[in-house]
Structures are given as structure tokens and as C-alpha cells.
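Just so you know, these numbers come straight off a predicted model, no measurement behind them. Order of the sequence lines sets the chain letters (A, B, ...), proteins ahead of strands, with each chain counted from 1.
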Amino acid sequence: GAVVSQHPSRVICKSGTSVKIECRSLDFQATTMFWYRQFPKQSLMLMATSNEGSKATYEQGVEKDKFLINHASLTLSTLTVTSAHPEDSSFYICSAIGTERGYTFGSGTRLTVV
Amino acid sequence: LAKTTQPISMDSYEGQEVNITCSHNNIATNDYITWYQQFPSQGPRFIIQGYKTKVTNEVASLFIPADRKSSTLSLPRVSLSDTAVYYCLVGDMRGYQKVTFGIGTKLQVIP
């Protein structure tokens, strides 16, 4: 149990375009999901907290207009990187809370902006 | 949010027991201690969670002293496939509290 599916696993896009990443809790309802970004050889950095039916809460320094988060249902949160640039290239990971264990993480999305 | 401190890296030979200690001096009453394993280009994977004393599952043991200001993840008889980064997280996860990651411990298992 407690599976979080994240798609796509990797994506390459041109500079200036937008990319959407999906995070789904498959076997539990997740009222709260989190989005992280991880650069090579670094730890996960929390970007935002996504709550179902309400606006996301962004961490300091994260541009909310660039990283659009939508949590329209109890099982789906999406992160859209708008007008992506090479410096946005990173590994993006979502996690969901909804079980006794606390956090369950998705498998991550490798974004490369060329 | 409780801050955690772990060794940056550890090396171990195959078949040995590995103990990774995490310090969390300002742990709160409602906080649980959870350990995750992360391989390159993958999301963190749950290993074990505890509140106090000792917890054991099929892959690891977690030792938590009475004051709960530290915890030790014990991996019995490691193999090459255990080479990964291990993170200690402390927080009220069941209360939907956000948790931040420390730097983690890079475990390198040597043949």
C-alpha cells in the first residue's frame, strides 16, 4: 500500500516552454502533498505545500508564478514549470501524506531544459 | 521543525552491520523519527519509523534512547545494493506537518 505515482519520469523541453508534472496517490487519499527539487549531489529542497482545494504555500525564494501548483482532487497534484529555462533543470519529487507512515514519495521527474 | 545532523558519508564492507546515527536535539513531543533511503534519480523510499525505544522490520532496526535526542539506524549485513543516501527525518508527519531534509548520509558499500 501507500503508492505515489509521478509522471513523467523524465522530460526534455525547449527553453521558454511549460512542463506539467503529475503526482498521484494511487491507494490512499492525500489532502496534503509536497513538492521538492533536488540538484545533483544535494539534498531535497522543499518548494511548496499543496493542499486539496486551496492555494499552495510556497517556501521562501520559490516563485509561485513560475511553479504553478494545482491540487484539484484528493489524489492528484500537478506542478507546472512555466517558461522553463536551463537553470530550472533539476530532479523534481513529490510526496503525499495520508497514511500512518507519513510521507510517501513519488519516483521523481528529471527535467532538462535545452 | 527539528533540525537533524548526520555524518556526511560512511564506508562499509559487504556483510557488515552498519549503524548510522542522527542527532535531533530539539525533537518535539509529537515528532516521529523516520528514515528514508534514496538511490540516484529515484524518490526517497521509506525504511523505518519509530517514536521511542526499538523498532525492527525486515530490513532494518531503529534504536531511540529515552531522551529521543538521537536515533540510530542499523542495517544488518549490508550488500552492494545498499549503497545509497540515507536521510533521517523528524517531524509530526501524522499531523501533516512539513518536514525538511538534512544533507543525508552517503553510504558506500565496498566489495
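Of the atoms belonging to A/L44, heavy atoms from both backbone and side chain fall under 4.5 Å from chain B. Only the side chain of A/Q38 comes within contact range of chain B, with at least one heavy atom under 4.5 Å from a heavy atom of that chain.
The minimum heavy-atom distance between B/Q38 and A/F91, with the atom names listed, is NE2-CE2, 4.3 Å. Taking each heavy atom of B/Y87 and A/S43 in turn, the nearest pair found is CE2-OG, 3.4 Å.
With respect to chain B, the highest number of heavy-atom pairs below 4.5 Å among A/K41, A/E59, A/Q6 belongs to A/E59.
In the hydrophobic clustering of ILVMFWY residues, with side-chain heavy atoms under 4.5 Å counting as a link, B/I20 and B/V78 come out together. Note on B/I33: it clusters hydrophobically with B/V18, by side-chain heavy-atom contacts below 4.5 Å among ILVMFWY residues. Two different hydrophobic clusters hold B/F63 and B/I47 under the rule that ILVMFWY side chains link at heavy-atom gaps under 4.5 Å. When hydrophobic clusters are built by joining Ile, Leu, Val, Met, Phe, Trp and Tyr residues whose side-chain heavy atoms come closer than 4.5 Å, directly or via intermediates, B/L73 is grouped together with B/V55.
With a 6.0 Å radius and a threshold of 12 heavy atoms from other residues, nucleotides or ligands, B/I8 has its CD1 atom at or below the threshold.
At a threshold of 4.5 Å between non-hydrogen side-chain atoms, the residues B/P44 and A/I93 count as touching.
Between B/F46 and A/Y103, a ring centre-to-centre spacing not shorter than 6.0 Å is recorded. Centroid-to-centroid, the aromatic rings of A/F105 and B/F101 come within less than 6.0 Å.
Applying the 4.5 Å side-chain rule to ILVMFWY residues, one finds A/V114 in the same cluster as A/I12.
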